[in-house]
Amino acid sequence: MSESMAAARRALGDGAPMVELRGISRRFEKKLDFAGRLAKRLGAGVREETVHAVDNVDLTIRKGEVVGLVGESGCGKSTLGRMVAGILPPSDGSILRDGTELLDRDSAAARELKLRTQMIFQDPYASLNPRMRVVDIVGEAPLVHGITSRSGFDAYVDEQMRRAGLDPAFKRRYPHQFSGGQRQRIGIARALAVKPDFIVCDEAVAALDVSIQAQILNLFIRLRSELDLTYLFISHDLGVVEHISDRVVIMYLGRVVEEASSETVFASPNHPYTQSLLASVPRIESRKRAFSVVKGEIPSPLNPPPGCHFHPRCPHAMERCKVEKPELKTVAPGQRSACHLNDMA
Amino acid sequence: MTVASTPASPAAAPTLEVRNLRTHFFTRAGVVKAVDDVSFSIGRGKVLGLVGESGSGKTVTGFSVLGLVDPPGRIVGGEILFQGRDLTKMSEAEMRDLRGNRVAMIFQDPMMTLNPVLRVDTQMIETVLAHKKVSREEARQRARDTLGMVGIPSPDERLKSYPHQFSGGMRQRVAIAIALLHEPDLIVADEPTTALDVTIQGQILAEVQKLATTTGTSLIWITHDLSVVAGLADEVAVMYAGRIVEKGAVSDVLDAPLHPYTFGLIGSVPSRNKRGEPLRQIPGMTPSLLNLPPGCAFRTRCPRAAEVCMAEPEIRELAPGREARCFRPMNEAAEQAA
């Protein structure tokens, strides 16, 4: 029942907004140490270094949707994901969850909503406490939050493990006794045990072998329809994102450069960065071919280029791109892109 | 020791021919057959993709070719014929003469190649002088040219930098440049682009492709990524649990895999044609090399496994230029259905 409803809603594309980000920014500052402060006082040209990891991002995730968040290292995709999951406070902006401000520390409603967002991490080795048994890793949070009781605890944990494809017979074991793929399943069982409706997956399959990655991706797809989940799926792997996402958001140096449905992004990308990113991806369908090349490297986020961040690498860069930051504008129904070229047509 | 006689027609002879290579690790827990009966050959200017998942033995195969296997590992059998000479029978001095000169390696982590406390020019000039009697100035010139060749801008200034002053992609380019200094006949590249971003990976693959075609260097490209192999390699060998289970021309293997493992691996790669649908996954996980099931190692995960698979399959030619280690290859299903 819920499966067909979710599918219908996805087809219509008018699910209610579940998460809304408004003007979210996150800066990381490196404060000067004593020697630095002294040098500054004496007139040396040292200054505090600031990284704009996420720079004024607006993003809406609708109920039932899978949003893929793509970008290369240092583009701020993980920082954004952590803010959405509520484990990293933003420097500016607001996050609305089902219409309620999530950053309101004192509100019981906000705390309740945070529980309904869970995160699955990249490294299945680092994200599980090595001293805890699986039964406690999975069962601790639901017990604390009163989702299960002492008497129903074992049955509850068994159910969570089975759903993630783990044999409940192994629940007395420790994480090191499992393989990478199984550990990722433990992470999934832990996340789902508190009955969330929104999951942030940060490179959740990046560390896994191809055949195991396929198993975990299939699990994500199955759980989505079984539990009517909404995902923010963060990955650098365009193949994975294309496979699983309904909508794709592409980031470059802290800003969103393009956002559209998965079909649109991969069929007719608008932003030059998206185009060059897609051209660089090795495809299994391709045969012995010349790899196309984006020139240059990703600039340091400590000192990003002015104007459009992509202009030093962009084949179409104009004078305007060097001075003026392009706004994210609608270029086609459901497709937004931040590029000055769209104003020329 | 006498050097093996040169083959009758050196032009037609492959650059490298590996025959029945066995590299085993003698650990306290038992003998790990990391590489077990691996044979392949690679012609001049060709690119061989060596594909496998973690623990399949692809890296140990590469290390064996360069004689870099450390105890408790040892090459226990087989031949590695490089231009007709058996590398397994060479003395350490002869190997040193060959390594970095005629045969070079590019590692996944460029810091395996680079010394963090030496400037790039020191390291590169040292490498040139190790195998060639030239002046320092000529060596510096060679280093500068090679850096330019791999796409490093303003090589003169970059030569004076330390490795930590380069980005990850640039560092890997320096490592590739060092491998290219003596225009080797064979390069073994072990996942050199795995840690890099997509656009940087694209740049390096483009450079490597250009080099292989222009210099005639043969290349063994070790990777877990079938998509990279699809675009780069001429031939592919798929490894599973220390053995090659299938090999052939890239287009043949990827279009019509013979071994069920290759078939499953291709089905596991997400691609545009299968969006939103479940991937055709391989059940279970890679068995421990210490504890392989008897018979075909893939048997326990194989959808086509039958009684016959309890015996150990040999690799055999199933079609012209196509080999697979399987009793019940995928093409038989097609024949039966037809």
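Atoms considered below: every heavy atom in the structure, side chains included; atoms not considered: hydrogens, waters and symmetry mates. All figures in this text were calculated on a predicted structure; none of them were measured in a lab.
Atom CD of E72(A) and atom CD1 of I200(B) lie 6.5 Å apart (nearest 0.5 Å). Here CD of Q281(B) is found 9.0 Å from CG of L219(A). Values are rounded to the nearest 0.5 Å. Considering CD1 of I212(A) and OG of S54(B), their distance stands at 8.5 Å, rounded to 0.5 Å. Taken from CG in L279(B) to CD1 in I216(A), the straight-line distance is 12.0 Å, to the nearest 0.5 Å. Residue I284(A) holds its CD1 atom at 9.5 Å from OG of S268(B), rounded to the nearest 0.5 Å.
For Q213(A), the part lying near chain B is the side chain, with the backbone staying farther off; criterion is any non-hydrogen pair under 4.5 Å. In this structure, the portion of I221(A) lying under 4.5 Å from any heavy atom of chain B is its side chain and not its backbone. The part of S179(A) that comes within reach of chain B is its side chain, from C-beta onward, which places non-hydrogen atoms under 4.5 angstrom from that chain. P283(B) touches chain A through its backbone: at least one of N, CA, C or O sits under 4.5 Å from a heavy atom, while the side chain does not. Looking at E53(B), the atoms closer than 4.5 Å to chain A (heavy atoms on both sides) sit in the backbone and in the side chain alike. Contacts between R222(A) and chain B at a heavy-atom distance below 4.5 Å are absent for every atom of the residue. For a residue to count as touching a neighbouring chain, one of its non-hydrogen atoms must lie under 4.5 Å from one of that chain's; by this rule L217(A) touches chain B with the side chain only.
When every heavy atom of P270(B) is checked against every heavy atom of G239(A), the shortest pair comes out as CB-O, 3.5 Å.
At least one donor-acceptor pair under 3.5 Å links the side chain of Q215(A) to the backbone N or O of G284(B).
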